[in-house]
Amino acid sequence: SPEPQTSYSFRGLQISSFANRSWTRTDFLAWLGELQLYTWRNESDTVGFLKPWSQGTFSEQQWEQLQHTFQVYRRSFTRDIWEFVKILHLDYPLEIQISGGCELLPRNTSESFLRAAFQGKDVLSFQGMSWVPAPDAPPWSQELCKKLNQDQGTKETVHWLLHDIWPQLVRGLLQTGKSELKKQVKPEAWLSSGPPPRPGHLWLVCHVSGFYPKPVRVTWARGEQEEPGTQQGDVMPNADSTWYLRVTLDVEAAEAAGLSCRVKHSSLGDQDIILYWDHHSSV
Ligand code: 7LP
């Protein structure tokens, strides 16, 4: 059952496309929990803030230093890949995705990861103090890791980002973004019937809309007993940055009486929303 979120994970994604020998672009995106905080498009020289609190508790100067590290990295990365492609005889076009993240754990500890994918498949990750090929990666990823592992300076920078900077950034963001991160918005819920799936059956739909944050549990039940065959849809975004979900049930018309839809959400505390099909006036 959903609980007020107590831990937030920080996630960064780099997407690099190399179309041919000369055309390439690299974009970065990063989130704290479900909120995107940063964007850095290929066309831009600087990292863009998507929230007024994106700088966390870093000073202007600390942020400049961090940004400079990333500017150097972006240039070097592109140059490196062109070189690797030649050495390893890889074919264009190629897509490289690098994802990294950090989770704050109890007792002031944290857990971080960094991994890279080539053409959508994992090729390597950073473990402890070195680059390691992914299980089932192509044979050249051994060679690639060997080469990357010779660069002590870069390994130290990666370790510093993963284990010092990211956790520090996240701790700051939890302070500067506090009110937005703690935001709770209650859902409304209503029932409707969909097109009958087959003669003598009803298609019951329970709509839940306007809730925040995203975790929610919606079930069809008879008394306390959850109905088998409940179909949960995908949680969809509303335009006002709240969420929407519908949960459906196919039942024999005669069995619809006594069914209810139950909504559990952190904003509701213990006060689940319960809607009874019997009370619902079908049109
Ligand atoms: C920052 C260090 O991506 C994701 C965060 C990584 C931050 C790394 C850095 O920019 C490059 C420059 O290094 C040189 O200057 C440094 C000081 O500025 C140090 O002195 C360093 O010793 C010196 O060498 C460096 O060029 C680096 O190689 C850039 C890229 C690093 C990198 N590696 C991991 C991901 C590779 C994934 C490739 C996957 C792939 C490759 C080829 C084909 C298919 C798939 N360092």
Side-chain angles (χ1 to χ4, degrees), residues 9-32 37-42 44-48 58 61-103 110-170:
S9 57
F10 180 75
R11 291 277 177 278
L13 186 59
Q14 173 192 342
I15 304 171
S16 296
S17 306
F18 294 78
N20 51 51
R21 232 178 269 239
S22 62
W23 192 96
T24 176
R25 68 171 295 136
T26 288
D27 300 284
F28 296 84
L29 310 98
W31 296 261
L32 182 65
L37 299 188
Y38 310 97
T39 177
W40 190 19
R41 295 179 56 81
N42 188 68
S44 175
D45 290 330
T46 55
V47 178
F58 283 172
Q61 196 197 337
Q62 278 176 305
W63 188 263
E64 284 298 322
Q65 192 205 333
L66 194 55
Q67 179 163 274
H68 181 254
T69 304
F70 275 98
Q71 287 162 339
V72 172
Y73 163 69
R74 186 171 71 173
R75 271 198 303 277
S76 320
F77 173 83
T78 308
R79 207 187 42 219
D80 275 17
I81 298 301
W82 275 325
E83 194 198 325
F84 287 143
V85 168
K86 271 191 234 154
I87 300 174
L88 302 169
H89 306 289
L90 301 173
D91 294 320
Y92 294 104
L94 39 115
E95 288 291 331
I96 298 173
Q97 292 153 294
I98 299 188
S99 58
C102 168
E103 193 112 34
S110 62
E111 204 163 80
S112 298
F113 73 90
L114 185 67
R115 59 169 172 265
F118 171 67
Q119 316 294 47
K121 294 204 168 67
D122 279 343
V123 282
L124 56 84
S125 65
F126 193 76
Q127 305 288 341
M129 203 50 196
S130 51
W131 300 99
V132 180
D136 307 320
W140 52 259
S141 102
Q142 297 268 359
E143 205 179 323
L144 181 60
C145 287
K146 214 166 141 191
K147 194 153 168 29
L148 289 168
N149 283 329
Q150 287 163 5
D151 185 348
Q152 195 61 30
T154 292
K155 288 195 292 182
E156 275 163 19
T157 306
V158 171
H159 187 272
W160 170 73
L161 283 171
L162 257 54
H163 300 285
D164 298 339
I165 296 303
W166 284 353
Q168 216 178 308
L169 177 64
V170 174

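Everything quoted here is computed from the prediction, not taken from an experiment. Starting from 1, each residue takes its place in the sequence as its number. Order of listing sets the numbers, starting from 1, for every ligand and every atom in it.
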Inset, instruction - Output yes when the distance from some N or O of ligand 1 to some N or O of Asp151 is under 3.5 Å, and no in every other case. - result: yes

Legend entry - Taking atom 26 (O) of ligand 1 as the reference point, the nearest protein heavy atom with its distance: Ser76 CB, 3.3 Å

Legend entry - Heavy-atom pair with the smallest gap, counting every atom of Pro138 and Val123: CD-CG1, 4.1 Å

Inset, instruction - Calculate, to the nearest 0.5 Å, the distance between atoms CZ and CG belonging to Phe18 and Leu94 respectively. - result: 6.5 Å

Legend entry - Euclidean distance, Phe58 CZ relative to Ile165 CD1, rounded to 0.5 Å: 5.0 Å

Legend entry - Contact bool for atom 21 (C) of ligand 1 (protein heavy atom, d < 4.0 Å): yes

Inset, instruction - Compare Ile96, Leu148, Leu94, Leu88 and give the one whose heavy atom is closest to atom 36 (C) of ligand 1. - result: Leu148

Inset, instruction - Measure from atom 6 (C) of ligand 1 to the protein's non-hydrogen atoms and state whether any distance is below 4.0 Å. - result: yes

Inset, instruction - Pick out which of Phe77, Phe28, Phe126 makes a side-chain contact (heavy atoms from CB on, under 4.5 Å) with Ile98. - result: Phe77

Inset, instruction - Identify the heavy atoms of Asn20 and Trp82 that sit nearest to each other, and give their distance. - result: O-NE1, 4.2 Å

Legend entry - Test item, Phe126 contacting ligand 1 (heavy atom, 4.0 angstrom): no

Inset, instruction - Check whether any side-chain heavy atom of Ile81 sits under 4.5 Å from a side-chain heavy atom of Phe118, and report yes or no. - result: no

Inset, instruction - Could you list the atoms of ligand 1 found under 4.0 angstrom from a heavy atom of Phe77? - result: 3 (O)

Inset, instruction - May I ask you to list the atoms of ligand 1 that are less than 4.0 angstrom from any heavy atom of Trp131? - result: 33 (N), 34 (C)

Legend entry - Min heavy-atom dist Phe70 to ligand 1 below 4.0 Å: no

Inset, instruction - For ligand 1, note which part of Trp140 has a heavy atom under 4.0 Å away: side chain, backbone, both or neither. - result: side chain

Legend entry - Residue portion contacting ligand 1 (non-hydrogen atoms closer than 4.0 Å) for Tyr73: both

Inset, instruction - Would you confirm whether the ring centroid of Tyr73 sits within less than 6.0 angstrom of the ring centroid of Trp40? - result: no

Inset, instruction - Identify, by atom number and element, the atoms of ligand 1 in contact range of Gly153, meaning under 4.0 Å from any of its heavy atoms. - result: 22 (O)

Legend entry - atom 18 (O) of ligand 1 [closest protein heavy-atom partner, distance rounded to 0.1 Å]: Val72 CG1, 3.9 Å

Inset, instruction - State whether the side chain of Asp122 and the backbone N or O of Ala117 hold a donor-acceptor pair below 3.5 Å, judged by distance alone. - result: no

Inset, instruction - Please could you name the atoms of ligand 1 that Ile98 approaches to less than 4.0 Å, counting only its heavy atoms? - result: 35 (C)

Inset, instruction - Considering heavy atoms of the protein only, find what lies nearest to atom 1 (C) of ligand 1 and give residue, atom and distance to 0.1 Å. - result: Thr157 CG2, 3.8 Å

Legend entry - Proximity to ligand 1 by part of Leu90, non-hydrogen separation under 4.0 Å: side chain

Inset, instruction - Select the closest option to atom 28 (O) of ligand 1 among Ile81, Asp80, Thr78, judged by heavy-atom distance. - result: Asp80

Inset, instruction - Would you indicate which of Ala137, Ser141, Ala116 comes nearest to atom 37 (C) of ligand 1 when only heavy atoms are counted? - result: Ala116

Inset, instruction - Would you kindly specify which portion of Leu144 sits under 4.0 Å from ligand 1, judged on non-hydrogen atoms: side chain, backbone, both or neither? - result: side chain

Legend entry - Main-chain N/O of Asp45 paired to Gln71 side chain as donor or acceptor, under 3.5 Å: yes

Legend entry - Minimum-distance protein heavy atom relative to atom 44 (C) of ligand 1: Phe118 CD1, 3.3 Å

Legend entry - pair Gln67-Trp63: side-chain heavy atoms closer than 4.5 Å: yes

Inset, instruction - List the atom of Arg11, the atom of Cys102, and the distance in Å for their closest heavy-atom pair. - result: NH1-N, 3.8 Å

Legend entry - Nearest-contact summary for atom 13 (O) of ligand 1 - protein heavy atom, Å: Thr154 OG1, 3.5 Å

Legend entry - No-hydrogen, no-angle side-chain donor-acceptor test under 3.5 Å, Ser99 and Gln97: no

Legend entry - Gln119 side chain to Glu95 backbone, donor-acceptor under 3.5 Å: yes

